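This report concerns only the one structure given below.
Worth saying up front: this structure is predicted, and the values here are computed from it rather than measured. Computed from heavy atoms alone, side chains included, the values below leave out hydrogens, waters and symmetry copies.
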Amino acid sequence: MKHPNAGLAFAAALYLFATVAPARAEPLKNIVLVHGAWVDASGWKPVYEILTKEGFRVTMVQEPETSFADDVTAAKRILDQQDGPTLLVGHSYGGSIITEAGVHPNVVGLVYVAAHAPDVGEDESALGKKTPSVLGKTEGVIKVTPDKFTYLDPVQFPKLFAPDLPRERAEFVARSQVPAAAQVFSTPLTAAAWKTKPSWGVVAGSDQIINPDLERWYYERAKSQITVIPGASHSVYESHPKEVATVITRAARSIDQQAAR
């Protein structure tokens with residue numbers, strides 16, 4: 001004889017499945033973009049426009065570049081505002097930021113765009129010296145203010161940072177730099193989100209700010225899915241926005257597929 005409460009229990013289980021399953025099946029919509037050193041979030045505009053047309057809710061972090069802790073806090077502040085699973089994207093120094101901030105519970109995946117991805121206890125300055133870039137081998141380009149903030153020589157900036165952008169745009173970015181505290185590059189990380197969350201990496205094939213070989217090494221170590229954009233400069237997010245947006249979209253779709261299994 002069937003227990004009189006069996007039917008009620010079965011109905012309750014069905015109700016629970018019906019209310020929980022749709023939420024898990026909801027596509028990933030939130031994307032947060034983090035810029036690198038010496039620039040601001042406005043450079044993400046071409047990528048932002050593509051992703052919003054694809055239906056994503058995209059938010060940019062405007063980190064102050066006053067200290068690594070301040071910049072991670074700025075990223076977490078934006079992550080706190082997201083209403084669900086979020087894909088976190090970082091360019092250049094922004095890669096260190098997303099590596100640290102990516103342990104946030106809203107983050108379900110990471111995308112590195114010509115970016116650093118240190119491990120716990122590592123810092124990008126020391127790693128960059130082991131695999132130096134053109135910038136690292138060129139003396140006098142990085143300028144330091146009396147209060148220890150850094151910026152790139154505006155005359156050298158266009159040919160090193162953004163040689164594949166229109167000259168007018170590259171010069172504007174050079175003249176609108178956000179000085180970065182020197183300490184942001186040498187602060188060791190205390191967390192490495194790529195160890196526990198899926199990641200994707202974009203190698204800028206002609207990057208002169210971060211050695212492309214270092215970018216690839218980071219991504220291989222993190223077991224990221226790697227995309228190489230031949231000929232792209234460090235400004236790959238502006239000069240090749242379609243390719244970068246495609247990687248970000250692919251990452252979001254992949255996370256959706258994994259969640260559906």
Side-chain angles (χ1 to χ4, degrees), residues 28-52 56-82 85-118 122-124 161-162 173 176-181 183-185 187 189-194 197-204 207 209-210 215 218-219 222 224 227 234-238 240-241 244-245 247-249 251-252 255:
L28 188 158
K29 288 293 184 182
N30 300 323
I31 297 176
V32 170
L33 307 176
V34 182
H35 65 79
W38 305 316
V39 295
D40 65 18
S42 64
W44 282 115
K45 186 178 180 183
V47 171
Y48 165 86
E49 291 175 341
I50 295 170
L51 294 175
T52 53
F56 293 104
R57 293 188 290 265
V58 186
T59 308
M60 275 70 64
V61 175
Q62 288 278 25
E63 67 266 24
E65 303 182 42
T66 48
S67 74
F68 184 62
D70 288 347
D71 295 343
V72 170
T73 297
K76 289 182 176 180
R77 187 177 297 120
I78 297 301
L79 290 171
D80 286 342
Q81 298 173 24
Q82 305 308 301
T86 302
L87 184 63
L88 186 57
V89 183
H91 169 252
S92 191
Y93 161 63
S96 292
I97 296 172
I98 71 169
T99 299
E100 181 91 7
V103 296
H104 191 286
N106 282 342
V107 177
V108 293
L110 308 162
V111 179
Y112 292 92
V113 180
H116 290 283
E122 295 178 344
D123 66 83
E124 63 181 62
F161 197 103
V173 178
S176 61
Q177 291 184 62
V178 180
Q183 63 174 303
V184 305
F185 307 113
T187 302
L189 271 66
T190 63
W194 50 259
K197 299 183 181 183
S199 60
W200 289 256
V202 174
V203 175
D207 198 330
I209 304 299
I210 302 176
E215 294 172 11
Y218 279 133
Y219 308 155
S224 307
T227 298
H234 197 58
S235 289
V236 59
Y237 60 108
E238 276 200 88
H240 294 76
V244 172
V247 172
I248 295 171
T249 300
I255 290 169

Over all atoms of both residues, closest heavy-atom pair of Trp194 and Ser199: CB-OG, 4.5 Å

Salt bridge (charged side-chain N to carboxylate O under 4.0 Å, His left out) partners for Arg57, two or more places apart: Asp83

Name every donor-acceptor pair, under 3.5 Å, that has one atom in a side chain of residues 63-70 and the other anywhere in the protein, sequence neighbours excluded.
from	atom 1	to	atom 2	distance (Å)
Glu63	OE1	His35	NE2	3.1
Glu63	OE2	His35	ND1	3.3
Glu65	OE1	Trp38	N	2.9
Thr66	OG1	Asp70	OD2	2.7
Ser67	OG	Asp70	N	3.0
Ser67	OG	Asp70	OD1	3.4
Ser67	OG	Asp70	OD2	3.2

Trp200: partners by ring pair (Phe, Tyr, Trp, His ring centres under 6.0 Å), with sequence neighbours left out: none

With sequence neighbours excluded, residues passing salt bridge (charged side-chain N to carboxylate O under 4.0 Å, His left out) with Glu238: Arg169

Residues forming a ring pair (Phe, Tyr, Trp, His ring centres under 6.0 Å) with Tyr112, sequence neighbours excluded: none

Nearest atoms (heavy-atom pairs only) where Leu87 meets Ala252: CD2-N, 4.0 Å

Test ring pair (Phe, Tyr, Trp, His ring centres under 6.0 Å) applied to Tyr93 - qualifying residues, sequence neighbours left out: Phe185

His91 and Phe161 aromatic ring geometry - parallel, tilted or perpendicular at 30°/60° bounds: perpendicular

Any donor-acceptor pair under 3.5 Å from Lys76 side chain to His104 backbone: no

Nearest heavy atoms of Leu79 and Ala101, plus distance in Å: CD1-O, 3.8 Å

Minimum-distance pair of heavy atoms, taken over all atoms of Val111 and Ala251: CG2-CB, 3.9 Å

Nearest heavy atoms of Ile31 and Ile248, plus distance in Å: CD1-CG2, 3.7 Å

